[in-house]
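Below, chain A is the first sequence line, B the second, and so on; all start at residue 1. Heavy-atom basis, side chains included; hydrogens, waters and symmetry copies ignored. The shown structure was predicted, so the numbers you read here are calculated from the model rather than taken from an experiment.
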There are 2 protein chains.
Amino acid sequence: MSQRRSETTPTRRRGAALENAIIDAAWEVLIEQGYNGLTFEAVAARAGTSKPVLYRRWPRREDLLLATIARHWRPLDIPDTGSLRQDALTFLRAVNAERARTLILLRIQLADYFRETGTTFSDLRRRLRSADQTPPLATLVARAIERGELADVPRSERVVNLPFDLVRHDMLMSMEAVPDETIVEIVDTVWLPLLGLSPHGAQAGH
Amino acid sequence: MSQRRSETTPTRRRGAALENAIIDAAWEVLIEQGYNGLTFEAVAARAGTSKPVLYRRWPRREDLLLATIARHWRPLDIPDTGSLRQDALTFLRAVNAERARTLILLRIQLADYFRETGTTFSDLRRRLRSADQTPPLATLVARAIERGELADVPRSERVVNLPFDLVRHDMLMSMEAVPDETIVEIVDTVWLPLLGLSPHGAQAGH
DNA sequence: ATCATAAGATACGCACGAGTATCTTATGAC
DNA sequence: GTCATAAGATACTCGTGCGTATCTTATGAT
């Protein structure tokens with residue numbers, strides 16, 4: 001339902017309150033209608049304001065789009081549970097949670113934007129990150145090596161990042177959350193064996 | 001350049017010649033402009049014809065879209081080189097070749113269509129396939145077991161289909177062909193070890 | 001030669017959204 | 001209380017495409 005002011009309280013929003021309402025509206029429209037549905041008209045209506053208000057702040061659609069995404073882009077915490085398996089499961093479940101999943105699915109939601117601008121999802125990620133970051137799974141593996149849980153041998157990035165790539169693959173194919181059993185299977189029957197670990201001591205994944 | 005007839009040869013196309021020209025034009029527009037760019041106006045212009053000609057054959061945009069995809073949907077041959085590794089490399093390289101890759105990337109090109117219709121890429125695949133098919137990698141693994149190259153033990157679908165999922169993941173992320181070294185790495189450092197094989201006897205991948 | 005069919009061209013009314021102009025008036029600084 | 005600023009509303013021109021109506025005429029069957 002529109003946040004348009006009711007007639008009995010003709011209060012005009014200003015500053016951060018107004019801009020937050022617009023950015024929130026833009027995010028909702030983007031997620032529900034995709035990039036092509038993200039129009040000034042639709043966002044203004046959803047935010048209960050009017051087009052000149054948006055044009056004054058974001059003269060181009062790309063400006064509005066990037067401001068919207070930047071507001072919702074937050075890196076995930078990297079877990080430290082004491083066990084590589086538990087670290088990986090915790091992290092992948094966080095990736096699969098609604099907020100993080102939605103950001104991954106931007107790869108698809110913004111396909112027309114990438115084509116139109118000749119940019120890529122990686123370009124967008126680089127633009128939004130303050131600095132280069134170690135991939136989270138590389139950090140988890142490094143900690144496991146420190147704990148003596150894993151042998152300190154060279155491993156390809158492909159193998160280290162494997163569970164994240166597989167979870168992301170399933171998300172991109174289904175556009176939905178990945179079942180928890182799938183996350184457990186990926187870690188237990190694919191990743192840990194490849195790393196030279198067995199899930200022998202694994203407890204129930206819940 | 002449009003296939004519109006030159007004035008010196010005012011020949012009107014009919015039947016298959018006309019329909020093939022339209023479907024070819026539709027495919028080009030779809031691949032270049034995405035689903036939203038696939039308009040009757042754009043396709044008619046590209047095909048060198050006019051909108052009534054399209055509307056007479058395909059009254060709805062979805063009709064035109066599905067006819068276009070059906071014309072280009074062809075299953076890949078499953079290789080039989082005598083070696084699981086070589087079978088997998090050959091198959092994945094075919095997947096990575098332009099025609100097959102383009103069909104995989106429809107997952108992204110048609111994102112707005114799927115959202116609008118509440119359907120999925122899997123629905124589309126089911127609709128286009130004459131019958132349920134064994135996933136190609138399952139066939140390759142079955143043949144390796146028959147040759148005695150692999151132990152005959154139960155294996156999860158996840159593990160069997162892994163290299164295809166990883167190649168597809170990289171394609172969806174980059175919207176481009178996957179480097180050949182990546183395909184070799186996926187087979188040699190991820191898949192074969194998981195299956196209990198070593199690429200020891202592996203020759204150069206070319 | 002005749003003729004039914006349909007290709008191709010063009011125009012039309014309509015819907016939708018971009019982007020801007022214009023207006024009223026709420027609002028917060030002073 | 002005054003006043004500059006901008007929120008919100010509304011209207012406008014323009015561009016684009018939908019889907020259909022109308023027309024001319026090429027074409028292949030007869």
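Regarding B:Asn36, its CG atom lies at a distance of 12 Å from the C1' atom of D:dG17, rounded to whole Å. Between the CZ atom of A:Arg13 and the C1' atom of C:dG28 there is a distance of 18 Å, rounded to whole Å. Nucleotide C:dT10 holds its P atom 13 Å from the CD atom of B:Glu41, rounded to whole Å. Distance CZ (B:Phe40) to P (C:dG8): 16 Å, rounded to an integer number of Å. Rounded to an integer number of Å, the gap from B:Arg61 CZ to D:dT20 C1' is 18 Å. Rounded to whole Å, the distance from CG on A:Leu64 to P on C:dA18 is 10 Å. To the nearest angstrom, C1' of D:dC18 lies 17 Å from CD of B:Glu62. With rounding to whole Å, B:Trp58 atom CH2 is found 17 Å from D:dG19 atom C1'.
No donor-acceptor pair under 3.5 Å is formed between the side chain of B:Glu149 and the backbone N or O of B:Ser83. Checked by atom type and distance alone, the side chain of A:Trp191 pairs as donor or acceptor with a backbone atom of A:Val159 at under 3.5 Å. Distance alone, capped at 3.5 Å, places no donor-acceptor pair between the A:Ser50 side chain and the A:Pro52 backbone.
Taking side-chain N and O atoms only, B:Arg12 has no distance below 4.0 Å to OP1 or OP2 of C:dA9. Remark: B:Thr49 is in phosphate contact with C:dG8, judged by side-chain N or O atoms under 4.0 Å from OP1 or OP2.
Atom CD of A:Glu116 is surrounded by more than 12 heavy atoms from other residues, nucleotides or ligands within 6.0 Å.
In the set C:dA9, D:dC18, C:dG17, D:dC18 carries the atom at the smallest distance from any side-chain atom of B:Lys51. Side-chain proximity of B:Val53 to C:dG19, D:dG8, C:dG8: nearest is C:dG8. If you check C:dG8, D:dT27, C:dA18 against the side chain of B:Thr11, the one that comes closest is D:dT27.
Looking at B:Asn20 and B:Arg71, their side chains do bring a donor and an acceptor atom within 3.5 Å of each other.
If you find the closest nucleotide of DNA chain D to B:Arg14 and to B:Leu38, the one lying nearer the 5' end belongs to B:Leu38. Between B:Tyr55 and A:Pro52, it is A:Pro52 whose nearest contact on DNA chain D lies nearer the 5' terminus.
Residue B:Thr39 is classed as a sugar-phosphate contact, given heavy-atom separations below 4.0 Å to backbone atoms only. No engagement by A:Arg60 is indicated, since no non-hydrogen atom pair under 4.0 Å with the nucleic acid exists.
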